[in-house]
Amino acid sequence: MSRRFPPGAMSRRILERKIQDRYHAGHIGTHNALNLFDELIQVAGPSSVRAINCLLTVVGRDCPVLGVSLFNRVARAKVPPHNITYSILVDCCCRAGCLDLGHAAMGHVIKLGFTEAIVNFSHLLKAICAEKKTSYAMDIVLRIMPMFNCVPNIFSYSIVFKGLCNEKRSQEALELIQIMVEDGGCCRPDVVTYSTVIDGLLKEGEVDQAYNLFSEMLRQGVSPNVVTCSSIISGMCKAQSVDKAKEVLQQMFERGILPNITTYNSLIQGYYSLGRCKEVDQIFKEMTINGVQPDIITYNIQMDYLCKSGQCAEARKIFDSMISLGQNPTATTYSILLHGYAMEKSFHDMHCLIDLMVENGISPDHYVYNILISAYAKEEMVGEVMHIFTKMRQQGLNPDAVSYGTVIDLLSRIG
DNA sequence: TTAGGGTTAG
């Protein structure tokens with residue numbers, strides 16, 4: 001009988017197929033992926049790289065350090081890593097907090113000469129931008145990568161655009177987008193690029209420029225999607241133009257773009273900010289009709305409105321019912337209710353809530369401590385304020401500008 | 001459909 005594959009190759013192919021199928025079905029957990037990796041690496045050949053990438057992705061998402069260690073085993077096996085394997089490695093290094101290793105891995109990839117436009121370092125660039133060093137990320141994308149014939153793709157650009165917008169440099173992002181369009185090269189702005197910059201412009205209050213860019217996007221034949229529209233709706237709601245935002249929602253339906261919970265949350269927040277509760281009820285009805293379920297953020301927005309309008313007891317009812325609705329309160333949820341109790345000067349309720357928060361495994365963050373500091377400062381209870389500073393430090397949190405600002409204000413008041 | 005970018009809440 002003639003063989004199409006050398007000995008062992010057939011069972012290897014079957015195993016590779018099994019891994020990829022189960023990966024696509026979302027049926028591989030970390031533990032399972034580790035076992036499959038052990039099994040595959042013993043018989044692995046060049047064809048195994050896709051299955052290995054799947055396993056590295058699963059393990060790396062859960063435990064990036066483990067992802068790096070698996071990569072070392074791939075490198076020792078007879079499997080030449082693919083550029084995607086390197087992307088996963090750089091991702092793991094960055095998420096493990098080893099930015100230096102991420103840089104080293106990027107240097108290694110460049111040295112290996114992956115010259116096609118497909119290698120990119122999304123997580124490295126994101127990590128650099130998160131440190132507010134977007135200029136450096138921009139230098140990597142615009143100068144360093146092309147210098148090594150490693151052409152950045154649209155993902156890399158979008159990360160830089162987002163970094164610029166986060167640093168309130170949306171004007172620069174706008175200029176860069178125009179250069180990309182005029183250049184007319186293979187890397188053209190897409191819906192994500194445009195949406196990012198439109199959102200950045202809106203957040204900086206540059207409404208006209210945002211609309212101009214939206215029109216430019218349409219002229220370029222790029223269709224908006226739910227994220228583009230949600231950004232515009234959110235920007236309008238924050239500018240108190242909620243009725244115009246509602247019109248955009250209508251236009252979404254006309255264009256066949258279905259709103260999601262983020263879209264609705266922006267509108268709910270917008271109506272609450274104007275005290276228009278009837279319209280909020282209307283939005284909830286519309287959500288039900290359209291099959292969109294409220295999420296934790298919806299409940300947080302609702303609770304925030306109730307607390308700020310002196311209805312803490314109602315907010316507490318929502319809080320207590322959240323768990324039964326399958327929504328676990330987050331640190332934000334606790335801080336909203338805590339702020340409500342602080343407004344009512346209900347110190348007993350505040351302390352009970354913090355105890356509950358800790359019991360439920362959520363550590364108080366800066367927001368929570370600052371609410372406590374502010375509440376005690378208002379009552380000029382200096383000893384309590386200092387006690388909270390100590391507690392913060394014990395928990396490894398350094399008081400921030402808000403904490404110190406409150407204390408300085410208190411000290412200047414009491415002389 | 002081997003990874004990777006954009007929207008909402010304190």
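Computed from a prediction, not measured in an experiment: that's the story for all the values here.
Here, B/dG10 and B/dG6 have their C1' atoms 23 Å apart, quoted to the whole Å.
Residues of residues 346-371 of chain A having a heavy atom closer than 4.0 Å to DNA chain B, listed by number: A/D365, A/Y367. Proximity of residues 24-53 of chain A to DNA chain B (heavy atom under 4.0 angstrom from any strand atom) is restricted to A/H24, A/R50, A/N53. At a non-hydrogen distance threshold of 4.0 Å, A/A331, A/T332, A/S335 from residues 315-335 of chain A come into contact with DNA chain B.
Taking A/R219 as the reference, A/E216 meet the salt bridge (Lys or Arg N to Asp or Glu O under 4.0 Å) condition, with sequence neighbours excluded. Looking at residues two or more places apart in sequence or on another chain, you find a salt bridge (Lys or Arg N to Asp or Glu O under 4.0 Å) between A/D320 and A/R316. Qualifying side chain to side chain donor-acceptor pair (under 3.5 Å) partners for A/E16, counting only residues two or more places apart in sequence or in other chains: A/S47, A/S48. Shown here are the ring-ring contact (aromatic ring centres under 6.0 Å, His included) partners of A/Y272, two or more places apart in sequence or in another chain: A/Y305. In this structure A/T330 satisfies the side chain to side chain contact (heavy atoms under 4.5 Å, CB included) test together with A/I296, A/N300, A/T332, A/T333, sequence neighbours excluded.
Sorted by first and then second residue, the pairs that involve residues 206-215 of chain A and meet side-chain hydrogen bond (donor to acceptor under 3.5 Å, both in side chains), not counting sequence neighbours, are A/Q171-A/Q209. Within the structure, side-chain hydrogen bond (donor to acceptor under 3.5 Å, both in side chains) pairs that include any residue of residues 32-41 of chain A comprise A/R22-A/N32, A/D38-A/R73 (at least two apart or interchain). Every pair passing salt bridge (charged side-chain N to carboxylate O under 4.0 Å, His left out) that includes a residue from residues 237-248 of chain A is listed here, sequence neighbours excluded: A/D243-A/R276, A/K246-A/E286. Residue pairs meeting the side-chain hydrogen bond (donor to acceptor under 3.5 Å, both in side chains) criterion with at least one member in residues 392-409 of chain A, sequence neighbours excluded, are A/Y369-A/Q395, A/N370-A/D400, A/N370-A/S403, A/R393-A/Y404, A/D400-A/S403, A/D409-A/R413.
Note on A/S195: a base of the nucleic acid sits closer than 4.0 angstrom, heavy atoms only. At the heavy-atom level, A/T263 lies nowhere under 4.0 Å from the strands shown. Note on A/I154: a base of the nucleic acid sits closer than 4.0 angstrom, heavy atoms only.
Side-chain atoms of A/D295 lie closest to B/dT8 of the nucleotides B/dT8, B/dT2, B/dG5. You'll find that the side chain of A/N260 is closest to B/dT7, out of B/dG6, B/dT7, B/dT8. When distances are taken from the side chain of A/S230 to each of B/dG5, B/dT7, B/dG4, the shortest belongs to B/dT7. Nearest nucleotide to the side chain of A/I84, out of B/dG10, B/dT7, B/dT2: B/dT2. Side-chain proximity of A/V227 to the nucleotides B/dG10, B/dT2, B/dT7 is greatest for B/dT7. Listed candidates were B/dG6, B/dG10, B/dT2. Nearest to the side chain of A/H82 is B/dT2. Taking only side-chain atoms of A/F155, from C-beta outward, the nucleotide of B/dG6, B/dT8, B/dG5 with the closest atom is B/dG5. Considering only the side chain of A/V192, B/dG6 comes nearest among B/dG6, B/dG4, B/dT2.
Judged by distance alone, with hydrogens and angles left aside, A/D190 brings a side-chain donor or acceptor within reach of the base of B/dG5, the pair sitting under 3.5 Å. With hydrogens and angles left out, the side chain of A/N225 and the base of B/dG6 share a donor-acceptor pair within 3.5 Å.
With ring centers used as reference points, A/Y334 lies 6.0 Å or more from A/Y367.
Between the CD1 atom of A/I296 and the C1' atom of B/dA9 there is a distance of 9 Å, given to the nearest Å. Taking atom CD of A/Q269 as the reference point, atom C1' of B/dA9 lies 7 Å away to the nearest angstrom. With rounding to whole Å, A/Y157 atom OH is found 21 Å from B/dG4 atom P. Note: CD1 (A/I232) to C1' (B/dG6) measures 12 Å, nearest angstrom. Remark: C1' of B/dG4 and CG of A/L125 are 10 Å apart, rounded to the nearest angstrom. As rounded to whole Å, 14 Å separates atom C1' of B/dA9 from atom OH of A/Y299. For A/L372 and B/dG10, the CG to C1' distance is 13 Å, given to the nearest whole Å. Going from atom CE of A/M252 over to atom P of B/dT7 covers 15 Å, rounded to whole Å.
Counting only heavy atoms from C-beta outward, the side chains of A/M180 and A/I154 approach each other to under 4.5 Å.
Scanning both residues, A/P189 and A/Y194, for their nearest heavy atoms gives CB-CE1, 3.7 Å.
Listed pair A/K203 / B/dT8 meets the phosphate criterion, a side-chain N or O lying under 4.0 Å from OP1 or OP2. Between A/K126 and the phosphate of B/dG5, there is a side-chain N or O to OP1/OP2 separation shorter than 4.0 Å.
Enclosure of atom NE2 in A/H351 by more than 12 non-hydrogen atoms of other residues, nucleotides or ligands within 6.0 angstrom is indicated.
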